[in-house]
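Here the structure is laid out as structure tokens; the discussion comes afterwards.
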2 protein chains.
Amino acid sequence: MKPKIEDVAKAAGVSPTTVSRVLNNRGYISENTKNKVYQAMTDINYIPNDLARSLYNKKTNIIGLIVPTTKNPFFGEIAAEIENDCSNRGYKMLICNSLNNIEKERKYWEMLRRNQVDGVIVGTYNRGILDYDQHQLPTVAIDHYLSKNIPVVGSDNYQGGRLATEKLLESGCRYIIHINGPGELETPANYRRKAYEDTMNKRGQEPVTYEISGVFDQVEQDRIIRQVFDEHPHADGIFASDDLLALNVLREAHKRNIPIPEKLKIIGYDGTETIRTTAPHLSTICQPISTIAESAVAILQKQITDMLPLEKSETRHPVSFHKGSTV
Amino acid sequence: MKPKIEDVAKAAGVSPTTVSRVLNNRGYISENTKNKVYQAMTDINYIPNDLARSLYNKKTNIIGLIVPTTKNPFFGEIAAEIENDCSNRGYKMLICNSLNNIEKERKYWEMLRRNQVDGVIVGTYNRGILDYDQHQLPTVAIDHYLSKNIPVVGSDNYQGGRLATEKLLESGCRYIIHINGPGELETPANYRRKAYEDTMNKRGQEPVTYEISGVFDQVEQDRIIRQVFDEHPHADGIFASDDLLALNVLREAHKRNIPIPEKLKIIGYDGTETIRTTAPHLSTICQPISTIAESAVAILQKQITDMLPLEKSETRHPVSFHKGSTV
DNA sequence: CTGAAAGCGCTTACAG
DNA sequence: CTGAAAGCGCTTACAG
């Protein structure tokens with residue numbers, strides 16, 4: 001049987017109350033008693049039960065993180081950063097890979113509630129899951145609009161879209177296509193598109209945007225990429241809204257023997273550490289992942305400790321350009 | 001205030017005992033009562049408190065996962081797979097990124113204990129942390145020897161090392177170098193090296209192995225790679241013990257204008273989904289990540305449910321060869 | 001400075 | 001088929 005406070009108390013010859021007090025450094029306890037208790041704790045190898053503690057305190061110091069999947073480098077990195085920040089602040093993290101499955105996600109929300117998490121950080125698309133009006137749980141969304149009263153954190157998507165487009169224009173492109181990832185309608189990522197279109201219009205160029213609707217659908221993605229090449233054989237620039245997509249575009253270009261960057265320039269989005277080490281040749285817009293993570297955790301913690309009601313807010317962190325050899 | 005069982009009981013006009021019983025589907029309850037209770041639960045929006053439940057049951061259905069960092073594609077993918085398997089079996093997962101920091105790792109172990117996790121899956125190098133003799137907690141290690149009584153799951157490293165070496169030999173290499181990642185001494189990954197050396201010896205070739213000791217030390221890694229090229233300008237094959245390393249080798253080869261695969265063939269190890277999509281040209285040995293994850297979870301669950309004492313075992317899953325253009 | 005008692009939200013013998 | 005009581009391992013007023 002695992003030792004409990006009572007056992008420590010017996011071993012130290014004091015009451016459970018006293019043990020609890022030294023454990024929590026609360027109230028006045030004589031040095032002597034303190035030492036006896038510490039001694040007893042190590043003697044019997046006592047480890048406090050946080051379940052009991054949390055039950056009483058109504059605070060678990062656990063937060064939930066819901067992402068599509070940590071297989072994706074962007075979410076793998078953001079998850080790692082968020083967990084680090086949590087750990088530094090004394091929070092633990094329950095992780096949920098929703099696989100963009102609405103039913104799974106609904107279950108995760110319930111699970112997190114049952115486990116009394118102090119808050120949740122969400123990076124998935126799930127309109128309709130939350131009961132907007134009476135959502136109480138402290139929550140922060142990463143690049144997703146979940147509800148009118150949930151703060152959103154992300155990169156400055158408009159700046160990113162503009163930057164990508166400008167870089168292409170600067171390096172001489174005139175016939176630039178934009179390819180969008182799936183489900184970006186409900187996310188601030190649609191500002192990437194908006195910025196692209198605005199920037200093109202301002203220069204008097206006609207914007208052309210393709211959308212990939214299927215989530216995790218490699219086949220559709222490949223089909224659309226081929227379609228772009230078929231329908232726009234004279235395009236000289238492609239702005240893809242994520243790096244994996246950009247790499248696929250690059251691959252198709254190679255297949256068609258289109259010299260990069262001479263005939264076609266390509267720029268991606270995300271700039272994860274993984275991509276920058278495995279494919280440093282890809283020019284891309286880098287999201288400040290650790291800053292995003294940090295600020296999401298900070299905002300969440302503020303909600304938790306101040307017990308503030310949820311309030312809409314949008315935090316955008318500046319992006320940067322990584323120059324590879326595709327632009 | 002969150003509604004509790006008592007509130008449901010009141011709303012349904014029954015006792016808390018009865019509510020608990022319908023909640024757990026235990027004992028006989030009349031259909032009528034059941035319905036009243038269900039009705040009451042939805043009426044007042046009741047969500048059970050798993051903390052209280054777990055406290056009583058001495059079972060949390062939570063497991064801990066300790067990895068160096070999910071930023072690394074291998075661990076990001078294994079974490080996602082493990083979490084999926086857990087979720088399917090009704091377990092939740094607390095994730096810990098130890099960053100290969102022994103102090104952090106020690107704290108994570110204590111945290112997991114305090115939170116009464118049912119078991120732990122570890123993918124980090126941490127000899128000396130566990131109290132071998134009296135380690136009670138169900139535990140499974142991924143490709144690491146933690147203690148004489150903790151089961152290990154991984155890819156068949158010996159087969160992998162042999163396969164890599166044979167592929168190089170088959171394609172004509174004779175002067176093959178092996179570069180090892182850090183910290184592989186205490187892990188089954190050292191069988192990759194052993195297999196390489198055995199295979200080379202059997203063919204009458206002299207094995208040459210370099211080791212990179214610094215964990216996460218990009219600078220040292222680059223230095224060693226340059227050293228390999230400097231000291232063995234006539235090498236015609238390199239077997240790198242992970243893909244990120246292999247890609248760095250490839251990059252250095254490009255810098256030196258060494259044509260790949262004509263003058264030099266390169267083969268990596270891991271074959272994550274991420275690498276296979278971002279760098280499909282890299283030939284590599286693929287670990288069956290989802291199989292490894294699945295079997296780790298299965299073994300852990302068996303320990304948990306059968307309450308077996310920990311027992312040494314080693315499970316090796318076969319690897320496969322991914323042919324890119326570097327071999 | 002220290003302890004006995006009540007309570008956090010559940011569950012399960014035990015009794016009816 | 002249903003309920004009152006005790007207990008899971010803690011913590012914190014309250015009293016001394």
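So you know, we letter chains A, B, ... as the sequences are listed, proteins then strands, and number each from 1.
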- When you check every protein heavy atom under 4.0 Å of nucleotides 4-11 of chain C, what one-letter string (B, S, -) results, 5' to 3'? BB-BBBSB
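Atom C1' of nucleotide C:dT2 and atom NZ of A:K34 are separated by 14 Å, given to the nearest angstrom.
In this structure, B:R113 has no salt bridge (charged side-chain N to carboxylate O under 4.0 Å, His left out) partners at least two apart in sequence or on a different chain. In terms of the side chain to side chain contact (heavy atoms under 4.5 Å, CB included) criterion, residue partners of A:T60 (sequence neighbours excluded) are, by chain and number, A:S54, A:I62, A:Q116, A:D118, B:L51. Residues satisfying the salt bridge (charged side-chain N to carboxylate O under 4.0 Å, His left out) test with B:K58, not counting sequence neighbours, are none.
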- Item | Full working for salt bridge (charged side-chain N to carboxylate O under 4.0 Å, His left out) between A:R106 and A:E110 | CA-CA 6 Å; A:R106 203 187 300 280; A:E110 198 197 325; over 6 Å; no
Sequence neighbours left out, cut at 3.5 Å: what donor-acceptor pairs do the side chains of residues 78-85 of chain B make with other protein atoms?
unit_1 : atom_1 : unit_2 : atom_2 : d
B:E81  : OE2    : A:K71  : NZ     : 2.8
B:E83  : OE1    : A:N97  : N      : 3.0
B:E83  : OE1    : A:Y108 : OH     : 3.0
B:E83  : OE2    : A:Y108 : OH     : 2.6
B:D85  : OD2    : B:E294 : N      : 3.3

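Backbone-only engagement by B:T33 is indicated by non-hydrogen atom pairs under 4.0 Å involving sugar-phosphate atoms exclusively.
Of the N and O atoms on the side chains of A:S30 and A:T33, at least one donor lies less than 3.5 Å from an acceptor on the other residue.
Nearest heavy atom pair, residue B:N115 against residue B:L94, reads CB-CD1, 4.3 Å.
Secondary structure note: stems in DNA chain C built from 3 or more consecutive Watson-Crick or G-U wobble pairs under 3.5 Å occupy C:1-3 with D:14-16, C:5-12 with D:5-12, C:14-16 with D:1-3.
With A:N72 contributing its side chain and A:F74 its backbone, the two residues share a donor-acceptor pair below 3.5 Å.
In terms of phosphate contacts, B:S30 brings a side-chain nitrogen or oxygen within less than 4.0 Å of OP1 or OP2 of D:dT2.
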